[in-house]
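To keep things clear, I will list the structure first and then write my remarks on it.
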Number of protein chains: 2
Amino acid sequence: MPSKPAAPITIDAVYAAPGYLFRRMQQIAVSIFMEECKAFDLTPVQYAALVAIHTHPGIDATRLSAVIAFDRSTLGSVIERLQAKDYIERKPAPEDKRIKLLYLTKSGAAILREIIPAVERAQARMLEPLKPADRKALMGLLVQLVDLNNEASRVPLRAEDALEHLGKGG
Amino acid sequence: MPSKPAAPITIDAVYAAPGYLFRRMQQIAVSIFMEECKAFDLTPVQYAALVAIHTHPGIDATRLSAVIAFDRSTLGSVIERLQAKDYIERKPAPEDKRIKLLYLTKSGAAILREIIPAVERAQARMLEPLKPADRKALMGLLVQLVDLNNEASRVPLRAEDALEHLGKGG
DNA sequence: CCCAGATCGTCAGTATACTGTCAATCGACA
DNA sequence: TGTCGATTGACAGTATACTGACGATCTGGG
């Protein structure tokens with residue numbers, strides 16, 4: 001069969017590439033999140049970390065990274081900043097001196113409650129330009145794709161496995 | 001009408017949020033790109049910049065940032081690295097001492113030709129888990145959404161406007 | 001021609017991301 | 001029980017991103 005002719009190298013091919021579109025959309029999403037939440041001094045990553053700690057109090061940093069699929073090295077500085085803002089506290093685990101357990105402070109629990117409406121506004125705004133049926137379709141495809149590509153990412157999501165130490169997962 | 005009851009704050013809500021999914025997918029996309037292109041020492045951003053300079057030789061950094069919708073400050077260091085690798089060169093514009101014009105070197109043009117197959121493999125792999133019809137549907141929705149949200153991003157895409165100085169746009 | 005405002009590249013500061021490495025610690029096995 | 005492999009948190013190095021500021025420069029109005 002005839003080999004495909006080499007496509008000309010143009011910027012239009014980049015505009016249509018999935019990788020480029022995912023990057024653009026992520027930047028737009030962060031921009032909208034920061035705008036809606038600017039009163040709260042929380043980034044999207046910090047927000048997700050707070051929610052995960054709220055859902056799994058006493059989790060450690062390594063398991064937290066698996067639960068939200070964020071890089072463990074990066075998470076170190078995220079945790080540091082959340083601690084500096086007094087939204088979380090770290091307690092050494094009595095049975096394992098390597099581990100530091102993470103808990104929300106009262107401040108942390110409070111800001112989480114307060115920021116929810118802004119976060120929901122942000123999430124809605126990201127999809128707002130689409131028709132409702134298209135929003136559903138896009139989210140469905142995206143959930144599928146992220147799930148099926150889970151192993152391709154550097155930090156695969158391990159929502160269940162990560163929680164065995166808390167006595168909730170196994 | 002009854003107000004919606006406050007949803008419980010759980011990590012499952014985060015997993016289903018558009019912003020979270022866009023972030024995950026972007027990370028997966030970068031991971032796949034770097035894997036397919038590891039022989040070439042080029043990041044996705046550097047690749048897009050090279051393609052844009054190839055398409056618009058003699059473009060300056062500010063217009064380049066508009067053409068690929070990347071942050072202008074960040075682009076400074078991207079350009080620096082591409083120059084250090086001898087893939088591009090910068091020439092002062094004779095008619096405006098502020099501006100430095102960007103051109104591909106022979107090395108830059110060569111690596112661009114060579115990397116194309118790997119980039120195409122990467123782009124294909126990102127969508128591979130979906131059925132062909134779903135790939136088309138997802139890309140269609142994403143193109144729409146990115147376009148309709150263009151103004152919401154910090155650096156909106158200005159593919160046309162940016163090129164007037166080159167005598168090709170207006 | 002001169003000046004006010006806009007533009008260009010640059011830089012400092014902050015926040016994600018990823019790679020690779022390290023010391024401290026743990027756990028399992030000989 | 002002693003040791004080795006695995007795990008944990010930390011760190012160094014690189015690369016995107018965004019905000020805000022700055023000096024050099026250009027441009028248009030008077």
Side-chain angles (χ1 to χ4, degrees), chain A residues 19-20 22-24 26-35 38 41-49 59-66 68-85 90-102 153-156 162 165, chain B residues 19-20 22-24 26-35 38 41-49 59-66 68-85 90-102 153-156 162 165:
Chain A
Y20 178 78
F22 290 135
R23 175 181 299 271
R24 286 275 290 139
Q26 207 268 327
Q27 288 178 357
I28 290 166
V30 171
S31 175
I32 291 175
F33 183 102
M34 294 306 282
E35 200 178 313
K38 61 175 175 291
D41 187 31
L42 270 189
T43 67
V45 167
Q46 291 169 11
Y47 168 76
I59 199 172
D60 62 282
T62 296
R63 257 151 282 268
L64 178 59
S65 112
I68 51 183
F70 290 168
D71 181 76
R72 194 167 59 169
S73 296
T74 308
L75 209 50
S77 54
V78 175
I79 287 171
E80 213 169 88
R81 282 185 281 274
L82 286 174
Q83 193 173 17
K85 293 177 192 174
R90 313 176 75 175
K91 297 179 185 170
E95 76 283 2
D96 189 335
K97 289 175 194 163
R98 295 170 303 178
I99 294 178
K100 297 176 185 173
L101 306 177
L102 302 170
S153 65
R154 155 109 162 118
V155 186
H165 79 297
Chain B
Y20 178 79
F22 291 135
R23 175 181 299 271
R24 286 275 290 136
Q26 207 267 327
Q27 289 178 358
I28 290 166
V30 171
S31 175
I32 291 175
F33 183 102
M34 294 305 282
E35 201 177 311
K38 61 174 175 292
D41 187 33
L42 269 189
T43 67
V45 168
Q46 290 168 13
Y47 167 76
I59 198 172
D60 62 282
T62 296
R63 257 150 280 267
L64 178 60
S65 114
I68 52 183
F70 289 167
D71 181 77
R72 194 167 58 170
S73 297
T74 307
L75 209 50
S77 54
V78 174
I79 287 171
E80 214 169 88
R81 282 185 280 276
L82 286 174
Q83 194 174 16
K85 292 178 193 173
R90 313 177 75 175
K91 296 179 185 171
E95 76 284 2
D96 189 335
K97 287 176 195 163
R98 294 169 304 177
I99 294 179
K100 297 176 185 173
L101 306 178
L102 302 171
S153 65
R154 155 108 161 118
V155 185
H165 80 298

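Just so it is clear: chains get the letters A, B, ... in the order the sequence lines come, proteins before strands, and each one is counted from 1. Hydrogens, waters and symmetry mates are skipped; everything else that's a heavy atom, side chains included, is used.
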**Asked** At under 4.0 Å, does any side-chain N or O of A/Arg81 touch on OP1 or OP2 of C/dA15?
**Response** yes
**Prompt:** What does A/Val30 touch in the nucleic acid at a heavy-atom separation under 4.0 angstrom: a base, only the sugar-phosphate, or nothing?
**Reply:** nothing
**Asked** When the nearest nucleotide of DNA chain D is assigned to A/Ile28 and to B/Lys85 on a heavy-atom basis, which residue is associated with the more 5' position?
**Response** B/Lys85
**Request:** Quick one: list whatever passes ring pair (Phe, Tyr, Trp, His ring centres under 6.0 Å) with B/Tyr20, sequence neighbours left out.
**Result:** B/Tyr15
**Prompt:** Hey, does A/Asp71 reach any base, or is it just sugar-phosphate, or nothing, if we go heavy atoms under 4.0 Å?
**Reply:** base
**Prompt:** What pair of heavy atoms forms the shortest contact from B/Ala69 to A/Gln27, and how long is it?
**Reply:** O-OE1, 3.8 Å
**Asked** Rounded to whole angstrom units, what separation is found between the CG atom of B/Leu101 and the P atom of C/dC8?
**Response** 12 Å
**Request:** On DNA chain C, check which nucleotide each of A/Gln26 and A/Glu95 is closest to and give me the residue with the more 5' one.
**Result:** A/Gln26
Please produce a list of atom pairs where a protein N or O lies less than 3.5 Å from an N or O of nucleotides 11-13 of chain D.
from	atom 1	to	atom 2	distance (Å)
D/dC11	N4	A/Ser73	OG	3.1

**Message:** Just to be sure I understand the rule, does B/Thr62 reach a base, reach only the sugar-phosphate, or reach nothing, if contact means heavy atoms closer than 4.0 Å?
**Reply:** sugar-phosphate
**Message:** If you assign each of B/Ser31 and A/Asp41 to its closest nucleotide in DNA chain C, which residue comes earlier from the 5' end?
**Reply:** A/Asp41
**Complete:** Sequence neighbours excluded, the answer for salt bridge (charged side-chain N to carboxylate O under 4.0 Å, His left out) partners of B/Arg98 is B/Asp96
**Asked** Below 4.0 angstrom from OP1 or OP2 of D/dT16, is there any side-chain N or O of B/Gln46?
**Response** yes
**Request:** Could you tell me which residues satisfy salt bridge (charged side-chain N to carboxylate O under 4.0 Å, His left out) with B/Glu80, sequence neighbours excluded, listed by chain and number?
**Result:** none
**Asked** When you check the phosphate oxygens OP1 and OP2 of D/dG9, does a side-chain N or O of A/Arg90 lie under 4.0 Å from one of them?
**Response** no
**Request:** Can you sort out the partners of A/Ser77 under side-chain contact (heavy atoms from CB on, under 4.5 Å), two or more places apart, ordered by chain and number?
**Result:** A/Arg81
**Message:** Between A/Lys100 and D/dA10, is there a contact of a side-chain N or O with OP1 or OP2 at under 4.0 Å?
**Reply:** yes
**Which residues share a side-chain hydrogen bond (donor to acceptor under 3.5 Å, both in side chains) with A/Ser31, sequence neighbours left out** = none
**Request:** Flag the pair A/Leu42 / A/Leu82 as yes when at least one side-chain heavy-atom distance between them is below 4.5 Å, and no otherwise.
**Result:** yes
**Item:** C/dC8 OP1/OP2 closer than 4.0 Å to side-chain N/O of B/Arg63
**Value:** yes
